[in-house]
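All chains are named by letter (A, B, ...) in the order of the sequence lines, taking the proteins before the strands, and each is independently numbered beginning at 1.
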Protein chains: 2
Amino acid sequence: MNIDEFVESSLGTWRSQRSAHHMAFHHFEEVTSEIEISLLEHGDERVIKLCKTNKVDPHLATSPFFMKWEGESDWDEDEVLAGSTVLVPVPDLDNPSKGRLLREQGYAETVPAIGYYHLIEDGSFVLTTQYERASAEEKIWFATPNLRLRVSLIKTGDGKGVTTASFSSEIRALNLD
Amino acid sequence: MNIDEFVESSLGTWRSQRSAHHMAFHHFEEVTSEIEISLLEHGDERVIKLCKTNKVDPHLATSPFFMKWEGESDWDEDEVLAGSTVLVPVPDLDNPSKGRLLREQGYAETVPAIGYYHLIEDGSFVLTTQYERASAEEKIWFATPNLRLRVSLIKTGDGKGVTTASFSSEIRALNLD
């Protein structure tokens, strides 16, 4: 699977169940959300802007997409789990199974972030993102065309410890139009 | 990582948090358990017996081990989540990163089972087990030497659908002896 196929398989609306395991205090958190992923035009001004911010030639970008989510957690009912972001894959020129993923806004922080992705042998998309005081490692794969799975680890700044491990199962919502 | 290294990395006592996502009714189940994994002697009578039952020459077995677990679920408090089993890896002669895993007793059913494993590029151990009316696919990997992660899928008999997806994070318990 290449990055274009991976993005194409991800397009649509997904109903997600996410379980977060908070390591230090053995706590379970349950989040239910709806995620919508749609393709963007190469010429979309948000794509051009994100490329420029990161000093990337927009012609090197492929399959830019928009992601929107809205959900609720059993942990903090007052917390608003809603947001959206623009994501732009930029494959490496010498090895298209690897590359950068530019992001308008991270999942874990509200600042722009560059992740590094790698598509591995078993069809998984592995993404590593370094933040100021932590790093995130995500592995996303398809169990079936309509079931996307995701394991996310939030690591300590030095990358040696894991503070949170979470698992999402995302079921494709039927299009009833 | 080969199968002997994988088993060796798994030895010890682990405190596990498991979240099961039941697909059909979007239910979350939370299980907390303690898992103990210990190496068995090649000559252990339980290993010999399991090999004989499966018509496998015991000399082809490697790193046989014993697994014991005890836990509780938030779903059915009366359910006893305790058990133990003997597991015997039998690597393929032509490709030692693949092989059979003989099991005295399955996780999902109380009958003996043969699983097929494959150690993949990123260090994950992937195990597929066919039962009478369902199949199970497990992926186990180490985030750190003291954090083992496991994603298990229970699939329908035809292998096309997933009924339950679950995620375990297993933290090595410190040995205070």
Side-chain angles (χ1 to χ4, degrees), chain A residues 15-34 73-74 97 118-126 135-156 158-173, chain B residues 15-34 73-74 97 118-126 135-156 158-173:
Chain A
R15 294 192 206 289
S16 162
Q17 277 184 270
R18 182 159 71 91
S19 295
H21 297 176
H22 299 281
M23 296 295 152
F25 38 112
H26 280 266
H27 184 84
F28 288 91
E29 182 185 359
E30 297 173 354
V31 179
T32 309
S33 60
E34 190 169 288
S73 162
D74 70 334
S97 73
H118 187 189
L119 288 148
I120 64 172
E121 187 191 5
D122 68 343
S124 303
F125 172 86
V126 178
S135 66
E137 197 183 302
E138 286 188 281
K139 193 179 271 194
I140 303 175
W141 72 101
F142 291 87
T144 75
N146 298 318
L147 176 61
R148 207 170 88 128
L149 303 174
R150 175 201 303 250
V151 170
S152 309
L153 304 179
I154 306 294
K155 297 190 170 182
T156 51
D158 62 7
K160 288 181 188 160
V162 173
T163 55
T164 307
S166 65
F167 176 60
S168 302
S169 58
E170 302 170 350
I171 300 175
R172 190 183 292 281
Chain B
R15 294 191 205 292
S16 161
Q17 277 184 270
R18 182 158 72 88
S19 295
H21 297 176
H22 299 281
M23 297 295 153
F25 36 114
H26 279 269
H27 184 84
F28 288 91
E29 182 186 0
E30 298 174 354
V31 179
T32 309
S33 59
E34 190 169 288
S73 162
D74 70 333
S97 72
H118 186 189
L119 288 148
I120 63 170
E121 186 192 5
D122 68 344
S124 302
F125 172 87
V126 179
S135 66
E137 196 184 303
E138 285 189 281
K139 194 179 269 194
I140 303 177
W141 72 100
F142 291 87
T144 75
N146 298 318
L147 177 60
R148 208 170 88 129
L149 302 174
R150 176 200 302 251
V151 170
S152 310
L153 305 179
I154 307 293
K155 296 189 170 184
T156 51
D158 62 7
K160 288 182 188 158
V162 173
T163 55
T164 306
S166 65
F167 176 59
S168 302
S169 58
E170 302 170 350
I171 299 175
R172 190 183 292 281

Original post:
Do you know which of A:Thr144, A:Leu147, A:Ile171, A:Val151 has the most heavy-atom pairs under 4.5 Å to chain B?
Top reply: A:Val151
Original post:
When the ring planes of A:Phe167 and B:Phe167 are compared, do they come out parallel, tilted or perpendicular, using 30° and 60° as the limits?
Top reply: parallel
Subject >> Atom pair CE/CZ of B:Met23 and A:Arg15 - distance to nearest 0.5 Å >> reply: 14.0 Å
**OP:** Calculate, to the nearest 0.5 Å, the distance between atoms OG and CG belonging to B:Ser169 and A:Leu153 respectively.
**Re:** 9.5 Å
Original post:
Closest heavy-atom contact between B:His21 and A:Ser19?
Top reply: NE2-OG, 2.8 Å
**OP:** State whether the number of non-hydrogen atoms from other residues, nucleotides or ligands found under 6.0 Å of A:Arg18 atom CZ is greater than 12.
**Re:** no
Subject >> Part of A:Ser166 within contact of chain B (heavy atom distance under 4.5 Å) >> reply: backbone
Subject >> Residue pair B:His27 / A:Gln17, side-chain heavy-atom distance below 4.5 Å >> reply: no
Subject >> Flag side-chain contact, heavy atom, 4.5 Å: A:Ser124 against B:Lys139 >> reply: yes
Subject >> Donor on one side chain, acceptor on other, B:His26 and A:Thr32, under 3.5 Å >> reply: no
